[in-house]
Amino acid sequence: MNLASSIVLSTKSNLSSFHSLFKFCFDTKNPRRVLLTFRELLNYNEKPNDFTFALLIKACALSCSSSFGFKPTFEANQIHTHLIKSGADQFILVPSCARHELIFQGRTIHGFGIKSGLDSGSQVKNALTSMYARCADLEAAECLFEEIVEKSVVSWNTMIGAYGQNGFFNDAMLYFKQMRERNVEANEVTMVCLLSANANPESTHCFVIKTALIDKCSVNTSLVCEYARRGDSKSAEVLYKSLPQRNLVPLTAILSSHAENGNMSSVMECFAQIQQLDMKPDAVTMVSILHGVTDPCHFGIGLAFHSYGIKSGLSIDNLVANGLISMYSKFDHIEAAFSLFFDMHEKPLISWNSLISGCVQSGKATDAFEVFCQMKMHGHGPDAITIATLLSGCGQLGHLQFGERLHNYVLRNNIEVESFVGTALIDMYTKCGRIERAENVFKSIKDPCLVTWNSMISGYSLYGFEHKALSCFSKLQEQGIKPDHITFLGVLAACTHGGLVDEGRKYFEIMRKEFNVMPGLQHYACSVSLLGRAGLLEEALILIKDMEIKPDFAVWGALLNACCIHQELRIGEYLAKKLFLLDNSSGGFYVLMSNLYATKGKWDEVAKVRKMMRETGGDGCSGISVIEVNSLIQLSQTIPRRVILSLNIQLEKSCYCYKIVLKDIPLWIIAPCSENRQMLIHLMPHSCSACSETRKRNLNLPLWYKAGAIKYGFVHLILIGTPYNNGDAWLLFVQISVAHVGPVDNLLDHFYDL
DNA sequence: TTAGGGTTAG
């Protein structure tokens, strides 16, 4: 129990003391504590009134909106039980409900209100409306709103907020118009709600000047924030400077918009301003700054702010720690990200997501899956963000099986296949060789956004379905969606793969003329490749010479590749010199040169280039290969709990990570290749008996489970699994994937138990 | 009773 609770409860307990305590819980952003405190209230035999009721609803609503994933809280369930147990005689008999979601707790309290007659006041109805809105039950919110006889500005604000919070911006605006038609005067909250419902800041700005609401601190703060959020830093700054009072919130919003644009010098100016004005930067300020650190040249700034965070104590804040994890991951310092994560006192889902995403972003998807397993062991279920991130990891590894399981999870749990998850699925299926499934996912999305269209266009182009890609491009335009630079990359790639020279020229032209999208290096590289492959080397060269940006390795490389195709040794050698000066460490360059000489049968030159490649370490990018072996193993008639498998996997010099799927339970094995050394097996947490048994024995499930050895170049495994009976025999379906995932030492570093 | 800067995702 915290200090405030002790103070209130040590004095003579009365209802208003409890109400004060409830308010304290809201102020300290701990709505769930309200629910616990309500239990105390009942213990003290205090009779709640309608105000208690309204506060309880607010607590439920806030808890509900903050617990993404509809996870019931222990406290809410407790209070529910209390309502039934101790409040039965005076409040309710609650209808039993199978779904244990937090909204259920809110409905329980609603039911209690109806029965006790405490729900008729408009204040309570407003609170209830807001609760349902936060739980995305707009139908219930609307019903309640209709019941309110005298709809005050608060009632209208609640509905504007309800629709705005749930993304129905047009409806929010309609309610605002209706409110005006009924001559209800808007207040500052109306404006804040409208702005957060994506209202145009310019028109809102005019309106608030006319109605004198501009003088309200919350209104101008929201306006500055909205200008900033839309990337209009200038308007945000002009408005901010016109304000009499300096305030950290709008200044942070401006800083954040600069950070979003990667404009670190402006970010630093804002930060200096904050310090000059003696304002204390908070966690949001810190996290906004860290968000802006995307360019490697700014990494030093990021490090400096990490130090600042340690000194100021801000780095303890979860938000800041998440921001730091993301920043370090962006620059491939995944060890630092892990270290920060392990030091966190509390690890909410969002922090797990940050780390998982960090692993995927830094190209270590295997680690992301390990972290995901740990996350599940700690009792967190994945949300839409976890799933989208992991799907991206599946695409990275070509890990179709796990991707499919994630898709099944989405379907089983009624997670909406909307823009983020849908696009991630399309991306995963495309990268895992299942374009038809990507198509099906795409068709299931009601209202695909630009990024989703882009994924499908790129997918088609990758598979050489250039006409489908171009048809997608036309449909996208029919929907009134404006293509961006990624769309054109997909479209140009489709033309290149299909050899559609005229179309490619046309799209390159309309890209800037019609859509005002300036071609970047990748667009040029693609067009050069298109022209070069078609043998139009001169036109490709002219295109490069006319570029308004300096051509990079990819652009010249595309031309060199065309030279290989058309055996243009003379131009090829000229380009090779250019490329060598640009970047002589890239393996790609040597491969291209070697291919060029090979087409002409110049084997001596090929050998020279290969030697150069070895000497410069240019062949640094090793590939990942995955071999899948399926086998059905028949076991003895007795029910074997301990299954001994001798798997015939020849070990090679480098270290490998093996993934064995026992039935559908994946086990990861890291195999250090020194002979006779114990092999370490990692059990992926799952609803398998092996895992639950281990968990029962030891709550701190060791990450690695010693169970095998490597002898004579073969892998011998002892697995504890549950085989299944097909009526005749006990069977174990084993699928083995062998994937080279890099040096074992790097992987092992991340885990504690070794 | 209604609202207000931020982190994680394609």
Side-chain angles (χ1 to χ4, degrees), chain A residues 50-51 53-55 57-58 61 68 121-131 133 148 152-162 164-165 187-197 216-226 228-229 236 247-257 259-260 282-291 317-327 329 348-358 360-361 382-392 395 418-428 448-452 454-455 458 486:
Chain A
D50 58 344
F51 190 56
F53 179 44
L55 289 170
I57 294 164
K58 185 178 173 180
F68 186 59
S122 62
Q123 277 195 12
V124 168
K125 280 214 158 73
N126 289 331
L128 277 167
T129 311
S130 169
M131 178 197 80
I148 302 171
S152 67
V153 63
V154 176
S155 318
W156 286 99
N157 288 349
T158 306
M159 288 313 284
I160 296 167
Q165 280 158 18
N187 67 8
E188 66 267 35
V189 180
T190 321
M191 292 301 111
V192 173
C193 288
L194 264 187
L195 284 165
S196 66
K216 300 280 181 187
C217 176
S218 59
V219 172
N220 51 52
T221 296
S222 294
L223 257 177
V224 173
C225 295
E226 192 52 25
R229 193 184 67 81
N247 180 344
L248 183 65
V249 173
L251 195 48
T252 303
I254 294 169
L255 181 151
S256 176
S257 96
E260 186 74 26
D282 65 3
V284 180
T285 321
M286 266 288 283
V287 98
S288 305
I289 295 168
L290 294 172
H291 189 58
D317 193 292
N318 246 312
L319 274 178
V320 178
N322 292 340
L324 285 167
I325 289 173
S326 305
M327 183 196 74
S329 309
L349 181 62
I350 200 162
S351 303
W352 288 96
N353 284 348
S354 296
L355 189 63
I356 292 173
S357 136
V360 173
Q361 270 187 31
D383 67 0
I385 293 176
T386 327
I387 288 167
T389 316
L390 287 172
L391 283 169
S392 163
E418 39 59 70
S419 55
F420 264 109
V421 173
T423 311
L425 278 167
I426 293 169
D427 193 50
M428 182 275 291
C449 69
L450 175 66
V451 189
T452 315
N454 285 352
S455 261
S458 304
I486 308 276

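If you're wondering where the values come from, they're calculated on a predicted model, not measured in any experiment. Order of the sequence lines sets the chain letters (A, B, ...), proteins ahead of strands, with each chain counted from 1.
Straight-line distance from the CG atom of Leu194(A) to the C1' atom of dA3(B): 11 Å, rounded to whole Å. The interatomic distance linking Glu226(A) (CD) with dA3(B) (P) rounds to 16 Å, in whole Å. Rounded to whole Å, atom P of dG5(B) lies 13 Å from atom CG of Leu223(A). If you measure from atom CD1 of Ile356(A) to atom P of dT7(B), you get 19 Å, rounded to the nearest angstrom. As a whole-Å value, the separation of Leu128(A) CG from dT1(B) P is 13 Å. The nearest whole Å value for the distance from the CD1 atom in Ile148(A) to the P atom in dT2(B) is 12 Å. Protein atom CH2 of Trp352(A) is 18 Å distant from nucleotide atom C1' of dA9(B), rounded to whole Å. Between Ile387(A) atom CD1 and dA9(B) atom C1' the separation is 11 Å, expressed in whole Å.
A donor-acceptor contact under 3.5 Å is formed by the side chain of Asp282(A) with the base of dG5(B). In terms of polar N and O atoms assigned as donor or acceptor, the side chain of Thr252(A) comes within less than 3.5 Å of the base of dG5(B) in a complementary pairing.
Contact detail for Leu290(A) and Gly323(A): the closest heavy-atom pair is CD1-C, 3.9 Å.
Thr285(A) comes within 4.0 angstrom of a nucleotide base, judged by non-hydrogen atoms across all strands. Heavy atoms of Ser455(A) sit nowhere under 4.0 angstrom from any nucleic acid atom. Note on Ser152(A): nothing from the nucleic acid sits closer than 4.0 angstrom, heavy atoms only. Residue Leu195(A) is out of contact with every strand shown, counting any heavy-atom pair closer than 4.0 Å. Residue contacts shown for Glu260(A) are absent, as no nucleic acid heavy atom lies under 4.0 Å away. Among the protein residues, Val451(A) comes within range of the nucleic acid bases, having at least one heavy atom under 4.0 Å from a base atom. The residue Cys217(A) sits apart from the nucleic acid: no heavy atom pair falls under 4.0 Å.
OP1 or OP2 of dT8(B) has not a single side-chain nitrogen or oxygen of Gln361(A) nearer than 4.0 Å. Between dA9(B) and Ser357(A), a contact under 4.0 Å exists linking OP1 or OP2 to a side-chain N or O.
Donor-acceptor pairing under 3.5 Å is recorded for the side chains of Thr423(A) and Thr452(A). Remark: the Thr129(A) side chain and the Asn126(A) side chain contain no N/O donor-acceptor pair separated by less than 3.5 Å. A donor atom on one side chain and an acceptor atom on the other are not found under 3.5 Å apart for Asp427(A) and Ser455(A).
dA9(B) has Phe420(A) stacked on its base ring, the centres lying under 5.5 angstrom apart and the planes within 30 degrees of parallel.
Side-chain proximity of Val287(A) to dA3(B), dG5(B), dT7(B): nearest is dT7(B). In the set dA3(B), dA9(B), dG10(B), dG10(B) carries the atom at the smallest distance from any side-chain atom of Cys449(A). Comparing dG4(B), dG10(B), dT2(B) by their nearest atom to the side chain of Ser222(A) picks out dG4(B). When distances are taken from the side chain of Ser326(A) to each of dT7(B), dG5(B), dA9(B), the shortest belongs to dT7(B). Listed candidates were dT1(B), dA9(B), dG10(B). Nearest to the side chain of Thr423(A) is dG10(B). Out of dT7(B), dA3(B), dT1(B), the shortest distance to the side chain of His291(A) is found at dT7(B). Here the nucleotide nearest the side chain of Ser130(A), chosen from dA3(B), dG4(B), dG10(B), is dA3(B). Among dT2(B), dA9(B), dA3(B), the nucleotide with an atom closest to any side-chain atom of Val192(A) is dA3(B). Residue Ala127(A) places its side chain closer to dT1(B) than to any other of dG5(B), dA3(B), dT1(B). Checking dG10(B), dT8(B), dT1(B) against every side-chain atom of Asn353(A), the shortest atom distance belongs to dT8(B).
Remark: of the listed residues Val224(A), Thr221(A), Asn220(A), Thr221(A) is the sole one forming a side chain to side chain contact (heavy atoms under 4.5 Å, CB included) with Asn247(A).
Partners of Asp282(A) under the side chain to side chain contact (heavy atoms under 4.5 Å, CB included) rule, at least two apart in sequence or in another chain, are Leu248(A), Val284(A), Thr285(A). The side chain to side chain contact (heavy atoms under 4.5 Å, CB included) test applied to Glu260(A) returns His291(A), not counting sequence neighbours.
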